[in-house]
Colleague: 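Pasting a structure here, questions to come.
Quantities reported herein were computed from a predicted structural model and do not represent experimental measurements. In the text below, chain A, chain B and the rest are named by the order of the sequence lines, each starting its count at 1. Side chains included, hydrogens not; waters and symmetry mates left out as well; all remaining heavy atoms used.
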There are 2 protein chains.
Amino acid sequence: MVKNTGQPAYLQIADDLRAQIRGGSLAPGTPLPSTTKLAEQYDASLSVVKLAVGVLRTEGLVIGQQGKGVFVRAADELPLAPEVGDELAELRATVQDLAVRLAKVEEQLATSTTRRSGRSSR
Amino acid sequence: MVKNTGQPAYLQIADDLRAQIRGGSLAPGTPLPSTTKLAEQYDASLSVVKLAVGVLRTEGLVIGQQGKGVFVRAADELPLAPEVGDELAELRATVQDLAVRLAKVEEQLATSTTRRSGRSSR
DNA sequence: GTGAGCAACATAGTTAACCTAGTTGGCTCG
DNA sequence: CGAGCCAACTAGGTTAACTATGTTGCTCAC
């Protein structure tokens, strides 16, 4: 990991963890892997993992406890409707995908129209 | 500044900025001072200011634009709107529409470049 | 056996440095 | 005069090092 989609690494990791939480793969009350573990797991630096966890923390999805770990918050006290977060993550991914594809198209279009003559329309 | 309320510096700054936004002292659409200015203003390091702005960014209170500045979001679209679901649905529709249109464009582009010769360049 | 202390590991905060990338405005040169 | 380059400023991302602080379990001395 972490790929290449133009999405920053710490957001990718945050999205992934968020998806795992929303999806139940990380149940409420259970601790996330430690930051060093996550760093290895995602093949990222400690810093970006800390950033990712920080995002989830400010989102309220997760609560860090010094010396113990980072725990998934109980579903009852989750900040937003669970589906909203889900949809948001999905939408983010989709939008990112669209952005990348559009950029490619734009580039192709630019080079071809330049070569071919003026442009049509718009 | 900052402290020493036990509250970490970056949260104090984030809180202060949030208060200014909520209080109208920083109107929607207006840019925050640049990160370097904020760092001087709060007598903090660049790093903590960046963290503080990052918090507001993930909260959606503020939108950063590379090269220009960090702008206060319009009051209409400020967070915690109860009709978040509505906005989400709308966004979903828009994204779907974009995806379809983009797919068409990509297809046209692919066939035309293929037909006309090998692809060009780059 | 029990308690004190210590080592190892955990999150959290702070700072600094470096790099990327977008915007803007001014200056130079053709 | 205009086009294009360039310098200065902007936010954003990444990494690394250091510090602080809390938790837990082990060992060792008594």
Colleague: Which whole-number value in Å describes the distance from A/Asp43 CG to D/dT14 P?
Modeller: 13 Å
Colleague: For a quick test of reading the model: is some side-chain N or O of B/Thr35 closer than 4.0 Å to OP1 or OP2 of D/dA11?
Modeller: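 So the side chain of B/Thr35 is within the cut-off, an N or O lying under 4.0 Å from OP1 or OP2 of D/dA11.
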Colleague: Nearest whole Å is fine: how far is D/dT14 C1' from A/Ile13 CD1?
Modeller: 11 Å
Colleague: Rounded to the nearest Å, what distance is computed from the CG atom of residue A/Leu46 to the P atom of nucleotide C/dG13?
Modeller: 16 Å
Colleague: Nearest-Å distance, NZ (B/Lys68) to C1' (D/dG12)?
Modeller: 16 Å
Colleague: For A/Ser47, which contact category applies under a 4.0 Å heavy-atom criterion: base, sugar-phosphate, or nothing?
Modeller: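 The answer is base, as A/Ser47 lies within the cut-off (heavy atoms under 4.0 Å) of a base atom.
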Colleague: How many angstroms lie between NZ in A/Lys68 and OG in A/Ser34, if you round to the nearest 0.5 Å?
Modeller: 15.5 Å
Colleague: Among D/dG13, D/dA16, C/dA12, which nucleotide has an atom closest to any side-chain atom of A/Tyr10?
Modeller: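 Closest nucleotide among those given: D/dG13.
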Colleague: Could you please name the option among C/dT23, C/dG13, D/dT15 that lies closest to any side-chain atom of B/Pro8?
Modeller: C/dG13
Colleague: Same cluster or not: B/Ile21 versus B/Phe71, using hydrophobic residues (I, L, V, M, F, W, Y) connected whenever any side-chain heavy atoms lie under 4.5 Å apart?
Modeller: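 Shared cluster, no.
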Colleague: Would you say A/Gln12's side chain and A/Gln7's backbone share a donor-acceptor pair under 3.5 angstrom?
Modeller: yes
Colleague: Taking the side chain of A/Gln66 as heavy atoms from C-beta outward, which of C/dT15, D/dT14, D/dG22 is closest to it?
Modeller: D/dG22
Colleague: C/dT11, C/dT14, C/dA12: which one has an atom nearest the side-chain heavy atoms of A/Ser34?
Modeller: C/dT11
Colleague: What is the separation between atom CG on B/Leu51 and atom C1' on C/dT14, rounded to the nearest whole Å?
Modeller: 8 Å
Colleague: Please tell me if B/Arg57 has a side-chain N or O lying less than 4.0 Å from either OP1 or OP2 of D/dG12.
Modeller: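 Answer is yes, contact under 4.0 Å.
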Colleague: Is A/Gln20 close to A/Val72 at the side-chain level, that is, under 4.5 Å between some pair of heavy atoms?
Modeller: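 Of all side-chain heavy-atom pairs linking A/Gln20 with A/Val72, none is under 4.5 Å.
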Colleague: Is A/Thr36 close enough to C/dC9 that one of its side-chain N or O atoms is under 4.0 Å from OP1 or OP2 there?
Modeller: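 For C/dC9, OP1/OP2 do not have a side-chain N/O of A/Thr36 under 4.0 Å.
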Colleague: Output the rounded distance in Å from NZ (A/Lys50) to C1' (C/dC9).
Modeller: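 Rounding to the nearest Å, NZ of A/Lys50 and C1' of C/dC9 are 14 Å apart.
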Colleague: Return the value, rounded to whole Å, for the distance between atom CD of A/Gln12 and atom P of D/dG12.
Modeller: 18 Å
Colleague: Distance from A/Arg57 atom CZ to A/Leu51 atom CG, nearest 0.5 Å?
Modeller: 10.0 Å
Colleague: Rounded to whole angstrom units, what separation is found between the CD atom of B/Gln65 and the C1' atom of D/dC9?
Modeller: 15 Å
Colleague: Starting the side chain at C-beta, find the nucleotide from C/dT14, C/dA12, D/dA16 nearest to A/Val53.
Modeller: C/dA12
